[in-house]
Amino acid sequence: MTDLTDQKTAALAAINAADTLDALEEQRVAALGKKGWVSLALKTLGGMSPEERTQAAPAIQATRGEVADAIASRKAALESAALAQKLASETLDLTLPAPATKRGSVHPVSQVMDELAEIFADLGFSVATGPEIEDDWHNFTALNMDESHPARAMHDTFYFPDTNSDGNKMLLRTHTSPVQIRAMKADGAPIRIIAPGRVYRSDSDATHTPMFHQVEGLVIDKDIHLGHLKWTLETFLKAFFEREDIVLRLRPSYFPFTEPSVEVDVGYANTGGRRVVGGSGDDEGHDWMELLGSGMVNRRVLESAGVDPDEYQGFAFGVGVDRLAMLKYGMDDLRAFFDGDARWLSHYGFSPYDQPTLSAGVGVKP
Ligand code: PHE
């Protein structure tokens, strides 16, 4: 019978001296691996007589147990030492102060667009889009303004020198109304959409810039009438300005693509910045700002877009987004919206954390 005592003593010493998990693994293989000395000793049991085996087996098994235990406890010790070292070296100091200045802010136009999407989503509208480089069929003709229509001249259009493959003149869209046509052609009726985006007109002063933003609204269904239009606009404007007492003025107007047509003004005062006012309606303490055009969709527009006007009718509106922003957040000059001046943005911009939600309030107090 082999005496394993010396081998065991040497192995236990080597195991306790192993200072890495790799070194320890080497020791495990040398003792307990397939060709390790403990395994080889166990194999000798097979060639023994039953008596010899009864005598020799307990010592070998005990040796195996001791070596395995020693490996396990060394392994635990090495692992906890490694963890302690990691914890000591990888610290994260949560008491570090936040950066002193806020970096970047959300432009008021983006903020207002998000607010509008939130308000109209609640009324069941989805968002549609169309191209800013448009052809004159979508921008004018399909909206009941053929080539010779005088209303075309009202739009101060930027034209491109070329025509498209259908021979249509190309232009920068002058309003978001062509999206009405595109949406109805794509989805038919009934339909309920808003279409926010940039529009372009050759015009510039304190309340006009050559590029500005509109949100188009379109509702087509059966039995839609002017009352639905009025309710929708009032509901939307009260939700947007977050006050019930805003002063609205609905004026009869003219657009080739709506009949009848209604323009909506809102009462505001200029107190170092234009802001909406509240009131009883006809008091003088305010000025009017034109906010939107609207009306019942002209049947010729429905025909152009492939919708049967004897079955479906509805209303449309186009709102000036920049003016909404101005009146809600009290800016004075529209041109500053597009100067890209970081000082203006840090004053009037919004935190990215101020997500408009109906439950928490669609507006933010800057
Ligand atoms: N497109 C018109 C404009 O830009 C606004 C409008 C939209 C009017 C929809 C009526 C219906 O002035």
Side-chain angles (χ1 to χ4, degrees), residues 113 116 120 125 127-132 134-146 149-158 171-184 189 191-203 207-221 224-226 228-234 236-237 248-266 288-302 304-305 307 309 312-324 334:
M113 294 240 193
L116 296 179
F120 280 105
F125 288 66
V127 173
T129 55
E132 289 169 32
E134 233 342 332
D135 57 65
D136 74 349
W137 188 81
H138 286 93
N139 196 82
F140 291 127
T141 312
L143 290 161
N144 194 30
M145 282 183 269
D146 64 25
H149 201 291
R152 280 199 185 201
M154 286 161 37
H155 276 216
D156 303 311
T157 312
F158 290 112
L171 45 82
L172 290 174
R173 68 179 178 190
T174 57
H175 51 177
T176 42
S177 299
V179 186
Q180 290 185 33
I181 304 295
R182 291 181 178 276
M184 283 190 279
I191 192 169
R192 204 186 303 180
I193 51 138
I194 57 168
R198 296 193 179 112
V199 301
Y200 302 83
R201 287 181 207 178
S202 176
D203 203 355
T207 54
H208 297 86
T209 48
M211 185 282 297
F212 58 105
H213 298 83
Q214 287 188 331
V215 168
E216 193 81 4
L218 175 70
V219 172
I220 302 291
D221 209 327
I224 298 290
H225 56 69
L226 202 63
H228 295 122
L229 169 61
K230 183 165 183 270
W231 182 89
T232 304
L233 293 178
E234 281 175 0
F236 137 60
L237 289 169
L248 294 179
R249 181 172 74 179
L250 277 65
R251 277 182 292 116
S253 183
Y254 172 75
F255 298 101
F257 33 95
T258 48
E259 180 59 41
S261 302
V262 182
E263 274 183 290
V264 179
D265 307 328
V266 67
W288 294 108
M289 194 180 305
E290 185 188 323
L291 269 191
L292 61 87
S294 66
M296 302 307 294
V297 177
N298 191 306
R299 52 184 295 129
R300 300 193 59 175
V301 173
L302 296 174
S304 302
V307 171
Y312 288 104
Q313 52 283 138
F315 62 82
F317 57 87
V319 199
V321 175
D322 315 277
R323 290 178 174 199
L324 284 180
L334 198 57

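Note that the numbering runs from 1 along the sequence shown for the chain. The basis for the numbers below is simple: all heavy atoms, side chains too, and nothing from hydrogens, waters or symmetry mates. Counting convention: from 1, in listed order, for ligands and their atoms alike.
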Q: Apply side chain to side chain contact (heavy atoms under 4.5 Å, CB included) to the pair L250 and K230, showing each step before the final yes or no.
A: CA-CA 9 Å; L250 277 65; K230 183 165 183 270; 4.1 Å; yes
(message) With a sphere of 6.0 Å drawn around CZ of R152, does it hold more than 12 non-hydrogen atoms of other residues, nucleotides or ligands?
(response)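 Count over threshold, so yes.
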Residues which pass side chain to side chain donor-acceptor pair (under 3.5 Å) with S294, listed by chain and number, not counting sequence neighbours: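 Per chain and number, S294 pairs via side chain to side chain donor-acceptor pair (under 3.5 Å) with no residue.
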Atom pairs, nitrogen or oxygen, ligand 1 to protein, under 3.5 angstrom:
unit_1	atom_1	unit_2	atom_2	d
ligand 1	1 (N)	H175	ND1	2.9
ligand 1	1 (N)	S177	OG	2.9
ligand 1	4 (O)	R201	NH2	2.9
ligand 1	4 (O)	Q214	NE2	2.9

Measure centre to centre between the rings of F255 and H175, then say whether the value is under 6.0 Å.
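No: the rings miss the under 6.0 Å criterion.
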Side chain to side chain contact (heavy atoms under 4.5 Å, CB included) with V179: of R173, H138, E134, only one passes, and it is R173
- prompt: Does the side chain of H149 come under 3.5 Å of the side chain of D146 through a donor N or O and an acceptor N or O?
  reply: no
